[in-house]
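In what follows, chains are A, B, ... by sequence order, proteins preceding strands, each numbered from 1. Since the structure is predicted, the reported quantities are computational estimates derived from the model, not experimental observations.
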Number of protein chains: 2
Amino acid sequence: MKDVARVAGVSPMTVSRVVSGEPGVSPGTAARVEQAVRKLGYQRNDNARNLRQKNLGTSTIALVVDDLANPFYALMARSVEDEAHRRGYVVLVGSTNDEPRREREVIAAFTARQVDGLIIVPTKGGHGFLKQPMEGGTQVVCVDRPAKGLAVDTVTVDNRAGAERAVAHLLGHGHTRIAYLGDRYDIWTQRERHLGYLDALAAHGLPEDPDLVRHGLRSHREARAALAGLRALDRPPTALFTSNDLITLGVLDGLDHPAPVAIVGFDDLPLAERLSPPLTVVSQDPVAIGGTAANLLFARIGGDRSAPRSVVLLTRLLVRGSGEFRAETTTEHPGHQR
Amino acid sequence: MKDVARVAGVSPMTVSRVVSGEPGVSPGTAARVEQAVRKLGYQRNDNARNLRQKNLGTSTIALVVDDLANPFYALMARSVEDEAHRRGYVVLVGSTNDEPRREREVIAAFTARQVDGLIIVPTKGGHGFLKQPMEGGTQVVCVDRPAKGLAVDTVTVDNRAGAERAVAHLLGHGHTRIAYLGDRYDIWTQRERHLGYLDALAAHGLPEDPDLVRHGLRSHREARAALAGLRALDRPPTALFTSNDLITLGVLDGLDHPAPVAIVGFDDLPLAERLSPPLTVVSQDPVAIGGTAANLLFARIGGDRSAPRSVVLLTRLLVRGSGEFRAETTTEHPGHQR
DNA sequence: ATGAAAGCGCTAACAC
DNA sequence: GTGTTAGCGCTTTCAT
């Protein structure tokens with residue numbers, strides 16, 4: 001900046017004014033400055049700028065998700081990025097792998113860089129470490145799951161109702177032995193979806209059969225193994241409810257083709273409608289979720305100090321075929337099997 | 001920091017030393033400082049720090065992709081992020097939508113924040129605007145495509161050879177009327193893949209039939225429409241080569257089930273092996289691509305000043321079923337059709 | 001309309 | 001081992 005000032009024959013202050021588009025510079029001077037800027041290829045150092053202007057922010061937000069490679073979070077990230085870009089903000093991203101320790105590290109790196117706001121998919125760990133940055137003015141919004149003990153805007157979907165609808169759908173087709181395959185039980189969405197599963201069973205007067213419930217499936221492989229275990233039971237399930245996309249993929253991989261059991265999965269997948277049978281799913285809208293979270297965050301950054309809001313978006317049951325086998329064909333007439 | 005110094009009864013400089021883990025502070029003083037840090041919930045302002053330490057960088061890199069929501073780039077991003085996290089770096093991300101203007105905006109916002117390095121999927125636009133930041137020490141690596149006129153490390157795959165192998169595979173199954181469906185021709189990968197398509201035809205002594213070549217398909221919908229046009233030809237193609245994942249999805253959507261033509265797609269898709277028939281594809285490894293680009297970038301950031309390298313990773317043809325229909329069934333015995 | 005001085009939060013370089 | 005001074009690149013404030 002000093003160099004530009006020298007070349008243009010003005011003071012650094014005038015360069016600052018021109019570069020930042022502030023008024024009060026004569027057109028002639030401005031032109032000379034702009035020429036010097038182009039000649040030297042000068043670009044303002046925004047970090048230095050943000051250091052001085054304490055009242056304005058850094059025009060940087062951060063997004064902390066479980067796993068950026070997961071298409072669900074990738075879509076959310078893109079949606080957040082678009083909202084940020086519209087407003088002249090940039091986005092830092094980090095994946096936690098659902099590890100509280102990595103979450104802490106990543107968020108600390110972000111707050112140390114003075115981000116104006118944070119959109120996080122919180123892990124099961126505590127979030128006391130957010131208190132100080134929040135008092136310092138950093139805004140926080142939770143997405144996908146609430147953070148225990150953290151009173152901030154939160155965007156989730158109706159996991160429990162969505163899961164209940166899925167399982168009720170299977171019950172409506174005559175199934176009574178419906179397995180639940182879920183990820184780690186310490187993940188809020190998984191607990192909610194399991195509760196929805198139980199709700200549906202209870203509404204039909206059915207008790208939970210522990211043999212049919214598998215928690216903690218962290219991978220494609222584990223989901224596949226759990227399915228094998230279920231099918232080896234004396235009275236195997238005639239229908240499956242898979243509680244996230246990864247588990248759905250694993251289960252599909254372990255089944256014959258076409259699948260001999262009914263399946264409904266939570267989360268839509270590309271190509272789901274091209275499978276045979278097409279996959280029935282409970283779908284949520286990651287773009288809407290990300291966009292909503294971003295809008296809440298920018299409202300806060302813009303000065304909104306109202307009480308924290310919880311926004312619950314709705315899931316939809318997409319009936320396509322895989323959940324509509326009648327139970328009779330596999331259980332009530334065992335003689336017909338194999 | 002001054003507050004911490006006051007509470008601990010030391011000078012700011014001592015706080016700085018403790019907070020940055022520098023030696024030369026007595027254990028007793030360090031303990032008092034750390035206590036004050038905890039009491040006040042102090043966190044160092046890394047932007048201010050980076051301002052002073054000009055020789056060290058900002059420990060921030062940026063990743064600029066076409067579309068973060070595309071699973072291919074999402075996987076790449078996750079891979080880059082992991083490499084960055086291992087080294088204590090954070091990652092800014094931006095999507096360009098393949099628009100040179102947005103690319104410029106996004107990159108300018110990143111360089112203004114003094115990123116140490118940039119991994120970019122370059123658009124077709126010129127990249128002269130990168131010259132100044134690069135002279136200022138910002139390292140740049142291109143990924144997925146080279147940037148015209150930009151001498152930097154570049155990571156790509158063997159697009160041309162991969163496409164040729166795919167089309168040769170179709171030719172090997174007796175097809176002679178093979179359609180090419182591609183994205184915008186101004187995208188380097190699409191030109192390369194089209195060249196590979198021509199290479200394969202030429203090797204079999206076949207000329208290009210312009211009727212069978214469709215460029216510029218930007219969406220699922222456009223791919224579907226292009227397919228309809230191809231099938232309405234007097235002599236429709238018996239096989240299709242789709243030049244990216246989005247086009248493959250659009251084409252699959254427009255076909256009966258099971259597909260009456262042979263298909264090979266560029267880029268793998270989740271569930272591709274669960275389709276009927278399972279989808280034969282040319283697959284590239286986004287995790288390896290992202291990891292390689294990140295390693296090259298960090299080598300540069302670490303001081304490597306050797307001549308720019310071009311790394312070409314290999315694609316693999318995954319034969320699964322959709323590319324192995326014999327051409328005879330649809331063309332040589334027209335009487336059998338319908 | 002322009003510039004001089006001071007300072008954002010931190011640390012390099014030098015004292016003691 | 002600890003503190004002082006100066007200054008990173010920019011902008012606020014106040015003067016001219």
Side-chain angles (χ1 to χ4, degrees), chain A residues 1-34 36-37 40-60 108-109 111-116 132-133 136-138, chain B residues 1-34 36-37 40-60 108-109 111-116 132-133 136-138:
Chain A
M1 184 146 168
K2 266 192 269 190
D3 297 340
V4 174
R6 197 173 310 120
V7 170
V10 297
S11 79
M13 195 55 234
T14 300
V15 177
S16 170
R17 284 197 256 261
V18 172
V19 166
S20 301
E22 282 183 21
V25 180
S26 79
T29 327
R32 288 213 318 289
V33 170
E34 282 171 17
V37 164
L40 300 184
Y42 169 75
Q43 187 182 24
R44 185 179 59 199
N45 179 335
D46 277 359
N47 287 346
R49 171 173 220 233
N50 296 328
L51 188 58
R52 191 62 178 87
Q53 309 184 293
K54 274 270 80 177
N55 44 336
L56 303 182
T58 55
S59 295
T60 305
T111 54
R113 285 170 179 75
Q114 314 298 114
V115 296
D116 297 334
Q132 290 295 340
T138 307
Chain B
M1 183 144 170
K2 267 193 266 190
D3 297 340
V4 174
R6 197 173 312 120
V7 169
V10 297
S11 81
M13 193 59 230
T14 300
V15 177
S16 170
R17 285 196 255 259
V18 173
V19 166
S20 300
E22 282 183 21
V25 180
S26 80
T29 331
R32 287 214 317 288
V33 170
E34 281 170 16
V37 165
L40 300 183
Y42 168 76
Q43 188 183 23
R44 185 179 61 198
N45 180 335
D46 276 359
N47 287 347
R49 171 173 220 235
N50 295 329
L51 188 59
R52 190 63 179 87
Q53 309 185 296
K54 275 267 79 175
N55 45 336
L56 302 183
T58 56
S59 296
T60 305
T111 53
R113 284 170 179 76
Q114 314 297 115
V115 295
D116 297 334
Q132 289 295 342
T138 307

* Range on DNA chain D touched by chain A, heavy atoms, distance below 4.0 Å -> D:dG9 to D:dT12
* Asked: Which pair of non-hydrogen atoms, one from B:Met1 and one from B:Pro12, has the smallest distance, and what is that distance?
  -> CE-O, 3.1 Å
* In terms of side-chain heavy atoms, does B:Arg44 have a donor or acceptor partner in B:Ser20 at a distance below 3.5 Å? -> yes
* Contact summary for A:Val4 and A:Val37, nearest pair of heavy atoms -> CG1-CG2, 3.9 Å
* Which ones in residues 23-31 of chain A lie close to DNA chain C, meaning a heavy atom under 4.0 Å from one of its atoms? -> A:Gly24, A:Val25, A:Ser26, A:Thr29
* To do: Would you mind reading off the bend of the helix from C:dA1-D:dT16 to C:dC16-D:dG1 from its two end axes, five pairs each, to 10 degrees?
  => 40°
* **Expected output: side-chain A:Arg32 to main-chain A:Ala8 donor-acceptor under 3.5 Å** => yes
* Asked: Heavy-atom distance under 4.5 Å between the side chains of A:Leu51 and B:Asn47, does that happen here?
  -> no
* Taking salt bridge (Lys or Arg N to Asp or Glu O under 4.0 Å) as the test, write out the residues that go with B:Arg6, two or more places apart. => B:Asp3
* Test item: A:Thr58 and A:Arg113 side chains (from C-beta on) under 4.5 Å apart, heavy atoms -> no
* To do: Mind checking the CD-OG1 spacing from A:Gln132 to A:Thr138? Nearest 0.5 Å is all I need.
  => 10.5 Å
* In chain order, what residues pass the salt bridge (Lys or Arg N to Asp or Glu O under 4.0 Å) check against A:Asp116, with sequence neighbours excluded? -> none
* **Closest contact, heavy atoms only, B:Ser11 versus B:Ala5** => C-CB, 3.7 Å
* Closest contact, heavy atoms only, B:Val7 versus B:Ala36 -> CG1-CB, 3.7 Å
* To do: Go along nucleotides 10-16 of chain C 5' to 3' and tag each nucleotide: B for a protein heavy atom under 4.0 Å from its base, S when only backbone or sugar atoms are that close, - otherwise.
  => BBB----
* Got B:Thr111 and A:Gln43 here, is their nearest side-chain heavy-atom distance under 4.5 Å? -> yes
